[in-house]
Asks: 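First the structure, which I've put down as structure tokens, then a few questions once you've had a look.
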Amino acid sequence: MKTQDDFFQNVYAIVRLIPKGRVTSYGAIAKSLGAIRSSRMVGWAMNLSHSQEIYVPAHRVVNRNGELTGKLHFATPFLMKELLEKEGIVIIKEKILNFNIHFWDPMQEL
DNA sequence: TGGGTGACCATAG
DNA sequence: ACTATGGCCACCC
């Protein structure tokens, strides 16, 4: 259908807007798209993001607690953490330090 | 038609 | 910090 494809593309568009060194959550993205679809669908979209033509920085999307819950879906279980640390983000025990400071809210940027 | 499974979220105990 | 619900909705049997 058209609507769900649009939803996916909108998700990818927002993820591409996340600045380096900043992160956001699945729920925040879902809410910025009108809270129509649930945050589970954002996670599903990330699951398919690897096959997108244009690069999608999926490592900048974590859950509401700043935990790297999606790391197992990357090429290696370490890749997500490595990419974030390369952008200056400190991670302790699968959790982002000072998550509230690094958080990027799609609502405020649109 | 229906049950199980998620890269989720909120609330409660 | 942990489990347990209930809601969410696409996907795959």
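Chain A is the first sequence line, chain B the second, and so forth, proteins listed ahead of strands; every chain is numbered from 1.
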Asks: How is Asn63(A) classified with respect to the nucleic acid when contacts are heavy atoms under 4.0 Å: base, sugar-phosphate, or nothing?
Replies: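 Result for Asn63(A) = sugar-phosphate.
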Asks: Could you tell me how far apart Asn65(A) (CG) and dA1(C) (P) are, to the nearest whole angstrom?
Replies: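 In whole Å, dA1(C) P lies 8 Å from Asn65(A) CG.
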Asks: Which nucleotide, dC8(C), dA7(B), dC11(C), lies nearest any side-chain atom of Ser38(A)?
Replies: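 The listed nucleotide nearest to Ser38(A)'s side chain is dC8(C).
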Asks: Return the minimal non-hydrogen interatomic distance between Met80(A) and Val61(A), and the atom names on each side.
Replies: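 It is CE-O, 3.4 Å.
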Asks: With a 4.5 Å cut-off on side-chain heavy-atom distances among I, L, V, M, F, W and Y, is there a chain of contacts connecting Phe103(A) to Val42(A)?
Replies: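 Shared cluster, no.
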Asks: Using atom CE of Met80(A) as one end and atom C1' of dA7(B) as the other, report the distance to the nearest whole Å.
Replies: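 After rounding, the gap between these two atoms is 7 Å.
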Asks: Taking only side-chain N and O atoms of Lys93(A), does any of them lie within less than 4.0 angstrom of OP1 or OP2 on dA1(C)?
Replies: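 Indeed not, no polar side-chain atom of Lys93(A) lies that close.
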Asks: Just the rounded figure in Å: distance from P of dA7(B) to CE of Met46(A).
Replies: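 In whole Å, dA7(B) P lies 13 Å from Met46(A) CE.
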Asks: Among dA7(B), dC9(C), dA1(C), which nucleotide has an atom closest to any side-chain atom of Lys95(A)?
Replies: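 My answer, after comparing the listed nucleotides, is dA1(C).
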Asks: Measure from the side-chain heavy atoms of Ser39(A) and tell me the nearest of dA7(B), dC9(B), dG6(B).
Replies: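 So the nucleotide nearest the side chain must be dC9(B).
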Asks: Rounded to the nearest 0.5 Å, what separation is found between the OH atom of Tyr55(A) and the OG atom of Ser49(A)?
Replies: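 Nearest 0.5 Å value for the OH-OG distance: 9.0 Å.
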Asks: Select one nucleotide: of dA7(B), dC8(C), dC9(B), the one nearest the side-chain heavy atoms of Ser25(A).
Replies: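 Nucleotide nearest to Ser25(A)'s side chain: dC9(B).
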Asks: Would you mind reading off the distance between Lys31(A) atom NZ and dC9(C) atom C1', rounded to a whole angstrom?
Replies: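 In whole Å, dC9(C) C1' lies 18 Å from Lys31(A) NZ.
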Asks: Expressed in angstrom and rounded to an integer, what is the separation of Leu84(A) atom CG from dA7(B) atom P?
Replies: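 The distance from CG of Leu84(A) to P of dA7(B) comes to 18 Å, rounded to the nearest Å.
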Asks: Using a 4.5 Å cut-off on heavy atoms from C-beta on, say whether the side chain of Ile29(A) contacts that of Val15(A).
Replies: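 Yes. Closest side-chain heavy atoms under 4.5 Å.
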Asks: Mind calculating the distance between CD (Glu94(A)) and C1' (dA7(B)) to the nearest angstrom?
Replies: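 Rounding to the nearest Å, CD of Glu94(A) and C1' of dA7(B) are 13 Å apart.
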Asks: Between Glu67(A) and Met41(A), which is nearer to the 5' end of DNA chain C once each is assigned its nearest nucleotide?
Replies: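 Here Glu67(A) is the residue nearer the 5' end.
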Asks: Please give the distance between the P atoms of dG6(C) and dA7(B) as a whole number of Å.
Replies: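 These two P atoms come out 22 Å apart once rounded.
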Asks: Whole Å only: how far is the CG atom of Asn47(A) from the P atom of dA10(C)?
Replies: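 Checked: the CG to P distance equals 15 Å.
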Asks: Atom NE2 of His73(A) and atom P of dG6(B): how far apart are they, to the nearest Å?
Replies: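 Interatomic distance, NE2 of His73(A) to P of dG6(B): 9 Å.
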Asks: Can you spot which of Ile18(A), Leu17(A), Ile89(A) makes a side chain to side chain contact (heavy atoms under 4.5 Å, CB included) with Arg60(A)?
Replies: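 Only match with Arg60(A) under side chain to side chain contact (heavy atoms under 4.5 Å, CB included): Ile18(A).
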Asks: Just checking Ala58(A): base, sugar-phosphate only, or nothing, at a heavy-atom cut-off of under 4.0 Å?
Replies: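 Since a base atom lies under 4.0 Å of Ala58(A), the category is base.
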Asks: Of the candidate nucleotides dA10(C), dA10(B), dA7(B), which contains the atom at the shortest distance from the side chain of Arg64(A)?
Replies: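 Between dA10(C), dA10(B), dA7(B), the one nearest the side chain of Arg64(A) would be dA10(B).
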